[in-house]
Amino acid sequence: MPRYLPAEIEPKWQQHWETNRVFAAPRLPKGKKLYVLDMFPYPSGDGLHVGHPEGYTATDIVARYHRMRGYSVMHPMGWDAFGLPAEQHAKKTGAHPRATTEKNIANFRRQLKMLGFSYDWQRELATTDVDYFRWTQFIFLVLYDTWFDPQQQRGRPIAELAIPAEVAAQGGAAVARFRDEHRLAYQLEAPVNWCPALGTVLANEEVVGGLSERGGHPVVRIPLRQWMLRITAYADRLESDLDGLDWPESIKLLQRNWIGRSTGAEVDFFIGVDRPIGEADLLPHQPGHPDSAAPASGLPDTVAAGRRPQPAVRAAFEQWSAARKAAGYPKRPGGEVLRIYTTRPDTLFGATYMVIAPEHPFVPRLTAPEQAAAVKAYCQAASRKSDLDRTDLAKDKTGVFTGSYAVNPVNGQAIPIWVADYVLISYGTGAIMAVPAHDTRDFEFAREFGLPIVPVVDPGPSGGEAREKLLRCEAAFIADGQAINSGDYTGMPTAQFKQRITADLAGAGVARAAVNYKLRDWLFSRQHFWGEPFPLLHELDAAGQPTGVVVALEPGDLPVDLPAAMTFDARHDSPEPPLEKAPADWLFVERNGKRYKRETNTMPQWAGSCWYYLRFLDPKNTQALVDREVERAWMPVDLYVGGAEHAVLHLLYARFWHKVLYDRGYVGTPEPFQRLVNLGMILGEKNEKMGKSRGNVVNPDDVVRRHGADSLRLYEMFMGPLEATKPWSADGVAGVRGFLDRAWRMIVDERSESMQLNEAVVDCPPTAAQNRVLHRTIKAVTKDIESLSFNTAIARMMEFTNFFLRESQRPRRAMERFVLLLAPMAPHIAEELWAALGRRQTLAYEPWPEYDESLIKEETIEVPIQVNGKLRGKVSLPAEADNAAIEAAAKADARVAEWLAGKTVVKTIVVPGRLINFVVK
RNA sequence: GCCGGAGUGGCGGAAUGGCAGACGCGCCGGACUCAAAAUCCGGUCCUCGCAAGAGGGUGUGGGUUCAACUCCCACCUCCGGCACCA
């Protein structure tokens with residue numbers, strides 16, 4: 001077999017690795033450990049695309065390199081196998097999703113083995129395995145059994161939740177309800193996008209203008225009982241623990257923005273004791289009066305702001321204020337206040353109106369009779385809009401006046417309360433104070449409805465154009481500045497003002513510092529069949545109706561398997577979960593004389609991927625999700641590689657679960673993934689996305705058939721930096737194949753029938769030049785692998801072959817070193833060459849080559865000579881030449897001398913070994 | 001709109017503030033061949049020049065420096081994320 005024939009050598013070595021279990025990881029690491037993890041794939045029916053091997057090759061190189069470095073390496077692979085495609089296929093063809101899934105997994109497994117990745121296949125798992133998802137269900141039970149203690153900032157067993165006396169007094173049902181309200185897993189009646197024509201619930205992104213994105217069918221918002229996970233409880237820790245992670249800053253930032261922590265204050269505005277404050281409770285509007293702040297510039301004065309309340313209302317406000325000061329800031333405000341959240345308490349004096357969300361519980365109470373019809377119509381219209389509609393229409397602000405007023409605690413002035421859908425019920429308190437002079441949205445709204453704009457922050461003399469625009473009421477000024485029109489606080493800089501007024505109002509019992517997050521609780525249930533069933537039972541009464549009591553199964557009751565006998569209805573036409581149609585012997589459970597119905601929602605696909613990295617460590621354990629000692633020894637994951645599309649969801653969900661498991665003692669590290677590397681996308685040859693519809697998908701099977709797995713691996717690493725988005729090139733693969741051909745010829749005699757070394761490969765000591773190339777290559781490749789710069793590592797190896805192919809004597813020892821360097825990236829050809837060089841066993845555990853710095857040193861160096869920063873010549877010198885010698889040699893150079901002639905050398909800069917620069921005049 | 005990232009030959013890309021374009025693709029020329037493929041050798045940033053050489057050149061404009069792809073300021077374009085979060 002003289003020529004390089006990947007089709008023959010690759011399967012041979014794959015077989016060798018498998019039968020000898022070459023890459024089996026030990027139960028516990030011996031010495032230094034490295035856990036290298038890929039984001040496991042969803043085994044789709046299309047098989048692998050060329051994007052998959054990019055990350056898998058990168059981690060494989062790292063894994064193989066570290067084995068040669070003496071590390072115990074954990075490098076597993078599995079399948080994220082639940083998901084909608086298999087279920088949709090079932091609806092179309094009647095094939096059970098499990099059958100489809102197993103077929104797809106078999107194909108993926110074949111393809112990955114074909115690429116020669118050094119996975120420990122003994123640890124393979126699929127999220128759809130009953131033995132796997134029983135532990136997913138187990139973790140759900142842990143979540144269900146946990147509450148978050150805000151004092152200790154950690155999850156604790158629900159049994160440790162202190163029950164307030166007044167709750168305990170109401171009996172067992174009240175206690176159970178109290179506990180349910182604190183669990184990390186809880187039920188919520190939440191609106192979903194239901195599309196009757198498609199027979200499915202749609203995500204917000206799939207609904208455009210009230211119609212389904214696909215097909216354009218009507219979508220209705222219907223309330224549906226859902227399971228939620230209280231990820232918001234961990235928002236603070238999920239954000240602050242990012243600091244210690246070796247992740248790309250851009251990904252950390254994405255997560256920070258997603259969590260969206262903001263600090264500010266909650267402030268209570270007085271809205272009247274028995275009834276809302278209306279028009280009749282205010283003194284008439286008096287233009288020019290200081291308490292009747294006139295709208296600035298020429299805006300229409302349709303609704304007065306900053307009006308003085310009638311003495312009776314003022315008295316009620318004073319009384320309320322005094323009572324508040326004595327009682328402090330209550331946890332749940334009474335009906336007499338409207339609580340708002342603001343990040344700019346320093347702009348309280350500029351609040352000219354208030355806005356509450358259409359879903360705010362105070363809407364009915366605050367609506368004056370004369371505004372009732374308008375408010376009702378507005379709220380109804382808002383409820384029909386999907387979230388997407390509401391954001392889409394962001395440009396045109398809409399709203400309606402309630403007819404009621406609130407009293408600003410800082411100055412006792414009454415300002416109107418509006419309803420508008422630019423305020424979201426799900427954020428903060430669902431109500432805001434509007435400061436149009438210093439908030440863009442409030443500014444637009446005020447413009448739309450002719451509400452007054454009162455500047456209270458001066459941008460300062462350097463404010464320039466922004467200041468002019470603000471004072472002419474042409475734009476809001478968002479940034480910090482100095483307070484104006486703000487009573488005693490006037491003159492204060494923004495940051496100081498914020499602190500002072502928050503403290504002052506807190507002392508008065510009407511405000512407190514507050515933190516808010518954009519992050520929402522995680523909607524954790526799906527109306528699908530092909531997902532993990534919840535380990536929960538709903539109690540039924542004698543009539544077979546749910547009593548509302550939920551019973552969690554015991555760990556010993558697990559797993560809850562999916563019913564094997566299911567028929568899949570192509571025209572499933574209700575929002576109820578498919579499992580509602582499961583056989584009765586699955587659906588109903590008798591226990592202790594009571595009847596129960598199983599929870600028929602299933603978990604989302606994210607569930608299985610939240611903890612698979614733990615199960616890989618101990619995949620066959622029947623007693624625990626992972627053995628404690630094993631987990632402590634291997635975790636955390638040292639390198640996690642995958643696509644940037646998982647920057648927020650998967651990577652946030654997994655961190656959340658991990659923290660809960662950490663709090664409850666199941667794992668020993670607070671974070672699962674110490675180092676993260678994101679992959680760029682691989683595009684088509686013409687720089688466009690690959691896709692079936694474009695017909696530009698490159699199938700790894702074809703590439704391997706044509707050039708072999710090593711060429712595919714090497715090419716994907718040679719394309720460019722891992723994180724970069726880069727286009728595929730068939731010529732590029734051929735080019736890398738050419739390199740392997742040349743490397744083969746460098747060592748093997750192609751003309752011989754049997755496996756013979758090239759006659760140039762001889763047992764002789766390397767020349768100084770050969771040593772320089774060899775050791776320089778070892779050094780560079782080592783450094784590049786450590787920094788995951790595989791493209792330059794390969795370039796260095798190409799230089800090595802380019803050099804040695806010209807050498808008529810190729811020292812065997814140098815060839816061996818080279819083969820070892822090549823091995824992590826192109827393992828099949830490396831094994832074959834290793835054998836050709838007379839080595840018996842696999843090179844997978846051969847020590848990584850060391851380099852000798854002293855052999856790299858050149859005897860002579862070429863020093864570039866610059867005159868005024870421009871290259872004017874070069875001079876060859878002994879490597880040890882000192883600065884004076886370099887300068888002398890440079891001046892002696894004929895061309896340089898010409899450039900220096902007649903000029904004065906002002907300065908001479910010598911960078912030893914680098915260059916010399918003459919600055920002349 | 002806001003927040004990130006990136007702009008270097010025909011293409012993918014390389015360069016601790018120190019010779020811009022390593023390595024590969026493509027292209028051009030040559031060797032071998034009846035011929036082609038494969039392989040090997042040489043060339044390949046642009047302009048002027050027979051050449052030696054000179055000038056220009058890392059999205060645009062400015063700045064710091066003996067020296068800038070690299071650092072600073074402003075702008076342009078492309079890609080990604082978020083999108084009324086008060």
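Each chain gets a letter, A, B and so on, in the order its sequence line appears, and its residues count up from 1. Given the structure is predicted, the values throughout are model-derived calculations rather than measurements.
Between A/K726 and the phosphate of B/G12, there is no side-chain N or O to OP1/OP2 separation shorter than 4.0 Å. Dashed line: the shortest gap from a side-chain N or O of A/R872 to OP1 or OP2 of B/A67 is not under 4.0 Å. Residue A/Y427 has a polar side-chain atom (N or O) positioned under 4.0 Å from OP1 or OP2 of B/A86.
Heavy-atom neighbours of A/E786 CD from other residues, nucleotides or ligands within 6.0 Å: above the threshold of 12. Environment of CZ in A/R706: sparse, with no more than 12 heavy atoms of neighbouring residues, nucleotides or ligands closer than 6.0 Å.
In this structure, A/R806 reaches the sugar-phosphate backbone alone: every heavy-atom distance under 4.0 Å involves primed, P, OP1 or OP2 atoms, never a base. Across all strands shown, A/T725 has heavy atoms under 4.0 Å from sugar-phosphate atoms exclusively, and none from any base. Across all strands shown, A/S262 has heavy atoms under 4.0 Å from sugar-phosphate atoms exclusively, and none from any base.
Comment: A/E444 engages A/K397 in a salt bridge, judged by a side-chain N to carboxylate O separation of less than 4.0 angstrom. In summary, A/E887 and A/K891 engage in a salt bridge, as defined by a charged side-chain N under 4.0 Å from a carboxylate O. Under the 4.0 Å criterion applied to side-chain N and carboxylate O atoms, A/D243 and A/R256 are assigned as salt-bridge partners. Note on A/K726 versus A/E54: salt bridge recorded, some NZ/NE/NH1/NH2 to OD/OE distance being below 4.0 Å.
Sorted by first then second residue, the salt bridge (Lys or Arg N to Asp or Glu O under 4.0 Å) pairs that include residues 345-356 of chain A, not counting sequence neighbours, are A/R344-A/D346. Here salt bridge (Lys or Arg N to Asp or Glu O under 4.0 Å) pairs that include residues 728-739 of chain A, with residues two or more places apart or in two chains, are A/R737-A/D741. Residue pairs meeting the salt bridge (Lys or Arg N to Asp or Glu O under 4.0 Å) criterion with at least one member in residues 896-921 of chain A, sequence neighbours excluded, do not occur.
Glycosidic conformation, B/G56: anti, with the torsion outside 90° of 0.
Residues passing the side chain to side chain donor-acceptor pair (under 3.5 Å) test with A/R776 are A/E858, sequence neighbours excluded.
Here the separation of B/C27 from B/C45, taken at their C1' atoms, is 14 Å to the nearest Å. Nucleotides B/U70 and B/G57 are separated by 13 Å at their P atoms, to the nearest Å. A distance of about 39 Å separates the C1' atoms of B/U60 and B/G42, rounded to the whole Å. For the C1' atoms, the distance linking B/G61 with B/C76 amounts to 10 Å, nearest Å. Between the P atoms of B/U39 and B/C25, the separation comes to 10 Å (whole Å). Atom name C1', nucleotides B/C11 and B/G26: the rounded distance is 7 Å, in whole Å. Nucleotides B/C69 and B/A15 place their P atoms 15 Å apart, quoted to the nearest Å. Of the P atoms belonging to B/A74 and B/A22, the separation is 34 Å, rounded to the nearest Å.
The partner of B/C19, taking Watson-Crick or G-U wobble pairs whose two distances both stay under 3.5 Å, does not exist in any strand shown. Using the Watson-Crick or G-U wobble rule with both distances under 3.5 Å, B/A74 pairs with B/U60. Nucleotide B/U39 forms a Watson-Crick or G-U wobble pair with B/A31, both donor-acceptor distances falling under 3.5 Å. Nucleotide B/C69 is matched to nothing when pairs are restricted to Watson-Crick or G-U wobble geometry with both distances under 3.5 angstrom. Checking B/C82 for Watson-Crick or G-U wobble geometry (two distances, each under 3.5 Å) identifies B/G1 as its partner. Remark: B/A54 base-pairs with B/U47; criterion is Watson-Crick or G-U wobble with both hydrogen-bond distances under 3.5 Å. Shown here, B/C25 forms a base pair with B/G10; the pair counts as Watson-Crick or G-U wobble because both key distances fall under 3.5 Å.
What separates CH2 of A/W247 from P of B/G81 is a distance of 18 Å, to the nearest Å. Rounded to an integer number of Å, the gap from CD of A/E359 to C1' of B/C84 is 13 Å. Between the CG atom of A/L424 and the P atom of B/A83 there is a distance of 11 Å, rounded to whole Å. For the pair A/E645 CD and B/C79 C1', the interatomic distance rounds to 15 Å; values are reported in whole Å. Per the geometry, CG belonging to A/D439 stands 13 Å off C1' belonging to B/G1, to the nearest Å. Atom CD1 in A/I682 sits roughly 17 Å away from atom C1' in B/G80 (whole-Å rounding). Between A/I425 atom CD1 and B/C84 atom P there is a gap of 16 Å when expressed in whole angstrom units. Atom-to-atom, CZ of A/R751 to P of B/C40 comes out at 14 Å; the value is rounded to the nearest Å.
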- What does nucleotides 15-32 of chain B look like as a protein-contact string, B for base, S for sugar-phosphate only, - for none, at under 4.0 angstrom between heavy atoms? -B-BB--BBSSS------
Give me, pair by pair, the N or O atoms of the protein and of nucleotides 2-11 of chain B that are less than 3.5 Å apart, along with how far apart they are.
none

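Two residues are said to be in side-chain contact when any heavy atoms from C-beta on lie closer than 4.5 Å; A/I865 and A/D893 meet this criterion.
Comparing A/R895 and A/Y517, the nucleotide of RNA chain B nearest to each residue sits closer to the 5' end for A/R895. Residue A/W899 is the one, among A/W899 and A/R520, whose nearest nucleotide of RNA chain B lies closer to the 5' end (criterion: closest heavy atom).
Of all the heavy atoms in A/G481 and A/T494, the pair that sits closest is N-OG1, 2.8 Å.
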